[in-house]
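Contents: one structure, followed by commentary.
Below, read A as the first sequence line, B as the second, and so on, with proteins coming before strands; counting in each chain starts at 1. Values below: every heavy atom of this structure, side chains too, minus hydrogens, waters and symmetry copies.
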Protein chains: 2
Amino acid sequence: MRPKGKTGTRKKILDTALEMFSLYGYKGSSIRLIAKKVGIRESSVYSHFKSKAEILNALITEYKSRKVSAEIISDKILDYIDKPEIFMKKFCEKIFEQWNTPYERRMMRLFLIEQFAEREGTEISLTSFLKEIRDVWEFVFGQMIKFKLIKKTDPSLLANEFTSVLFIIRFEYLTDEKGENLDKALKLANKHAGFFWKAIRK
Amino acid sequence: MRPKGKTGTRKKILDTALEMFSLYGYKGSSIRLIAKKVGIRESSVYSHFKSKAEILNALITEYKSRKVSAEIISDKILDYIDKPEIFMKKFCEKIFEQWNTPYERRMMRLFLIEQFAEREGTEISLTSFLKEIRDVWEFVFGQMIKFKLIKKTDPSLLANEFTSVLFIIRFEYLTDEKGENLDKALKLANKHAGFFWKAIRK
DNA sequence: GTCTATAAGGAGATAGAC
DNA sequence: GTCTATCTCCTTATAGAC
């Protein structure tokens with residue numbers, strides 16, 4: 001019942017490569033060491049990927065194919081759309097939990113590390129990271145204004161203001177690999193949502 | 001009248017190394033290429049630094065020994081301390097101009113790229129970057145509250161809220177090496193200061 | 001301080017047996 | 001798919017002449 005031609009090695013290579021890339025950078029990680037960690041020889045890696053660059057590309061393409069923050073909004077918290085403060089706080093809880101998975105943490109680190117290096121094919125940029133969640137919130141704030149729940153203000157400005165602080169909190173808690181500081185991050189996010197609510201309420 | 005034993009080569013090496021490190025990362029930059037760009041042989045580099053790691057360390061130590069955002073505050077804009085909105089906007093102008101120099105841009109990129117790699121000796125962290133300017137603003141907001149210019153709120157929360165957005169703007173305009181988008185960044189910062197002022201004024 | 005020459009090892013990648 | 005063996009190139013770093 002395995003996917004055709006797969007022993008799970010491909011996934012192991014991807015997982016290990018992501019871990020190493022996110023710690024030592026693309027250049028700083030060698031096929032040699034990745035193979036060793038996976039438990040195979042270097043040459044076997046080339047049965048799954050034709051080059052080192054293809055491993056990186058696979059990681060990024062697979063990451064980009066996933067959409068999540070929109071799902072969070074359409075989750076249970078939509079019940080609270082008419083109570084903006086609670087809505088924002090619930091959203092923070094959800095998104096920080098999601099951001100705290102090893103996969104998300106490593107991917108974010110990989111993007112931060114590699115965004116400046118010129119590369120063929122795959123584009124890596126911080127903006128693309130910020131954009132997704134910002135767009136969601138631009139829509140949300142637009143709705144809140146429409147239903148007169150908050151002061152009339154440019155929704156894109158609000159989205160920028162609200163999400164920027166979340167990202168800074170995220171960045172600051174990115175260095176601990178184990179993600180043990182979720183509580184601290186959540187507390188900060190909560191205070192932020194509280195402050196922000198006071199700034200935008202009627 | 002040169003500093004003893006210096007032909008300027010040491011500085012050239014540092015400048016070139018910073019440029020390369022900030023573009024390709026520490027691992028991705030080779031002594032070979034740095035030497036070539038400087039116009040000397042690889043081996044000559046070792047007359048100035050005993051290892052590649054020492055070049056990185058020198059860059060970071062020299063950067064850390066410089067303090068600037070405090071100077072900005074104590075500059076002319078202090079005249080506007082009693083007009084918080086203008087004060088914030090003037091500060092944004094000054095700090096973004098400063099951040100826009102090639103040196104500052106490269107250093108910031110270097111920190112972003114290398115902060116996760118484990119390293120002996122020199123510590124590189126994003127938080128240390130954020131802290132300096134945040135501390136300045138915690139003090140400033142504290143004063144504004146004392147003189148009843150703004151609503152009474154936790155100054156450290158205010159500092160975090162105000163500076164986080166500035167940093168996100170900074171990050172987003174970090175990819176263009178030439179810094180041609182200063183105007184765009186300034187416009188965003190200005191809108192931010194405007195929004196923020198409405199949020200904190202009495 | 002800079003050069004030539006060279007050491008010693010690590011890198012990505014391929015050929016061909018099983 | 002995985003292995004051994006190997007190629008070729010690049011890496012940091014040192015020795016010693018000028």
- [ ] Encode nucleotides 12-18 of chain C as B, S and - characters from 5' to 3', where the letter depends on protein heavy atoms closer than 4.0 Å: B to the base, S only to sugar-phosphate, - to neither.
- [x] BBBB---

Open item on the list: Between B:Lys131 and A:Glu172, does any NZ, NE, NH1 or NH2 come within less than 4.0 Å of an OD or OE carboxylate oxygen?
Closed with: no

Task: Distance test, side-chain N/O of B:Ser47 to OP1/OP2 of C:dT2, below 4.0 Å - done: no

Task: Cationic tip of A:Arg106 above A:Tyr103 ring, under 6.0 Å, 45° of axis - done: no

Open item on the list: I'd like to know whether the aromatic ring centres of B:Phe116 and B:Phe111 sit less than 6.0 Å apart in this structure.
Closed with: no

Task: For atom CG of A:Leu33 and atom P of C:dG9, their distance in whole Å - done: 18 Å

- [ ] Working to the nearest 0.5 Å, report the span between CE of B:Met20 and CD1 of B:Ile34.
- [x] 5.5 Å

TODO: Starting from P on C:dT2, measure out to CD1 on B:Ile40 and report it in whole angstrom.
DONE: 6 Å

Task: B:Trp137 ring center within less than 6.0 Å of B:Phe91 ring center - done: yes

TODO: Indicate whether the side chain of B:Asn160 and that of B:Ser164 have a donor and an acceptor atom separated by less than 3.5 Å.
DONE: yes

TODO: Please report, rounded to the nearest Å, how far the P atom of C:dT2 is from the CZ atom of B:Phe49.
DONE: 12 Å

Open item on the list: If I take atom CG in residue B:Leu56 and atom P in nucleotide D:dT12, what distance separates them, rounded to the nearest angstrom?
Closed with: 13 Å

- [ ] Mind calculating the distance between NZ (A:Lys36) and P (D:dC3) to the nearest angstrom?
- [x] 14 Å

